[in-house]
Number of protein chains: 2
Amino acid sequence: MYSIGDLSRRTGVKIPTIRYYEQMGLIEAPERSEGNQRRYEKRELERLAFIRHARDLGLSIEAIRDLLALSEHPERPCGEADRIATEHLAAVREKIARLRKLEVELERIVACHGDHTIGDCYVIRALADHSMCESEH
Amino acid sequence: MYSIGDLSRRTGVKIPTIRYYEQMGLIEAPERSEGNQRRYEKRELERLAFIRHARDLGLSIEAIRDLLALSEHPERPCGEADRIATEHLAAVREKIARLRKLEVELERIVACHGDHTIGDCYVIRALADHSMCESEH
DNA sequence: CCTCATATCTATAGTCGCTGGAGTGTTTAG
DNA sequence: CTAAACACTCCAGCGACTATAGATATGAGG
């Protein structure tokens, strides 16, 4: 039997976040002590660790809800789980690509080394004039 | 004289977003028509284009507010503008690094090709068991 | 001038994924 | 038995919008 604080320490998920996950239906409402405090079993610890891990990997609450639902039917085919993960991977790759473009633009902009005045600052001018950029974004 | 719709079309910033920027103090409250509709000058069009560009580059409203304030004092040194852009570049690089790690993990996880059942699906098992990961995240 | 479609107005609430605080009650170690 | 630590509920706030409802304004065609 774990208190919510135990669960929090063991998974690294903050207490209000655990309560939030319960509200969002990611974990079931656990049993309560006589004084109305939450008491968890090992099962819930594992479930929360799964959620934590998936969140760390950037999966949305929605996607995690689906994966958790799937994991309760071990006999079904896993195409759906694969699809969720694959889609997420694609999203991550897209984000990386976008950020790389930003990185290039920012590198160019930052080439002004702060050794003159705002009036001829490349940072300000580059932001004001999109046509100074190399790629569209 | 541009209406809010004109401004929106010319900058690609949605109408509610323009009003939001006004509320947030990024653009001044413009003159109004007799019927209380916003009427903008070219100055505001340029300012909004600046904001749009900076947002596209991922700068926060806060950072943009600072840059706009700086751009109104062309005689001052531009070290501060440079600092804002440089810090942002560092943040972008960090995000890229984090996402790359996720990419690697997700690639490993997705190696399960959906041709079996949830019970032995690598996606689900990998999420449940953090120790299967190569790097911490 | 009148009508009508389109545009705009304000105010408010919702999005996501938490996070924090206030004010109260419970558990546990000494 | 007391005090510290912990947990409870409810509600508000973050950032950067986005959406909705219901009212009013504008501009072009007849």
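Chain A is the first sequence line, chain B the second, and so forth, proteins listed ahead of strands; every chain is numbered from 1.
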Item checked: A:Tyr20 side-chain proximity, nearest of C:dT8, D:dT18, C:dT19 -> C:dT19

Checklist line | Spacing between A:Ile64 atom CD1 and C:dC16 atom P, to the nearest angstrom | finding: 13 Å

Margin query: Could you report the tightest heavy-atom contact between A:Glu107 and B:Leu89, atom names first, then the distance?
Written below: CG-CD2, 3.9 Å

Next item on the list: Round to the nearest Å and state the distance from A:Met24 atom CE to C:dT19 atom P.
Entry: 14 Å

Check: To the nearest angstrom, how far is A:Arg65 atom CZ from C:dG17 atom C1'?
Finding: 12 Å

Notebook entry, point to check: Between A:Tyr21 and C:dG17, is there a side-chain N or O to OP1/OP2 distance below 4.0 Å?
Noted result: no

Next item on the list: Taking the side chain as every heavy atom from C-beta outward, state whether B:Ile15 and B:Arg19 have any pair of such atoms under 4.5 Å apart.
Entry: yes

Margin query: Applying the salt bridge (charged side-chain N to carboxylate O under 4.0 Å, His left out) criterion to A:Arg38, which one of A:Glu31, A:Glu44, A:Glu22 satisfies it?
Written below: A:Glu22

Checklist line | Between P of D:dT9 and CD of A:Gln23, the distance in whole Å | finding: 10 Å

Notebook entry, point to check: Would you say C:dT19 has OP1 or OP2 under 4.0 Å from some side-chain N or O of A:Thr17?
Noted result: yes

Item checked: Sorted by number, the residues of residues 29-48 of chain B with heavy-atom contact under 4.0 Å to DNA chain D -> B:Ser33, B:Glu34, B:Gly35, B:Gln37, B:Arg39

Next item on the list: Keeping the roles fixed (side chain from A:Asp6, backbone from A:Ser3), state whether a donor-acceptor pair exists under 3.5 Å.
Entry: yes

Next item on the list: Kindly indicate whether the side chain of B:Leu48, heavy atoms from C-beta on, has any atom under 4.5 Å from the side chain of B:Tyr21.
Entry: yes

Item checked: Closest-nucleotide ordering on DNA chain C, the 5'-leading residue of B:Arg9 and A:Arg55 -> B:Arg9

Notebook entry, point to check: Whole Å only: how far is the CD1 atom of A:Ile15 from the P atom of D:dA7?
Noted result: 5 Å

Note to self: If you compare every side-chain N and O of A:Ser3 against the phosphate oxygens of D:dC6 (OP1, OP2), does one of them come in below 4.0 Å?
What the structure shows: no

Checklist line | Any B:Arg19 side-chain nitrogen or oxygen under 4.0 Å from OP1 or OP2 of C:dT8 | finding: no

Next item on the list: Considering non-hydrogen atoms only, spot the tightest contact between B:Ile64 and B:Leu59 and give its length.
Entry: CD1-O, 3.8 Å

Check: Rounded to whole angstrom units, what separation is found between the NZ atom of B:Lys14 and the P atom of D:dT18?
Finding: 5 Å

Next item on the list: Round to a whole Å and report the spacing from CD of A:Glu62 to C1' of C:dC16.
Entry: 11 Å

Checklist line | Nearest-Å distance for atom pair CD1/P, residues B:Ile18 and D:dC17 | finding: 12 Å

Next item on the list: Mind running salt bridge (Lys or Arg N to Asp or Glu O under 4.0 Å) on A:Arg100 and A:Glu103 for me, showing each step along the way?
Entry: CA-CA 5 Å; A:Arg100 284 241 187 84; A:Glu103 189 188 12; 5.2 Å; no

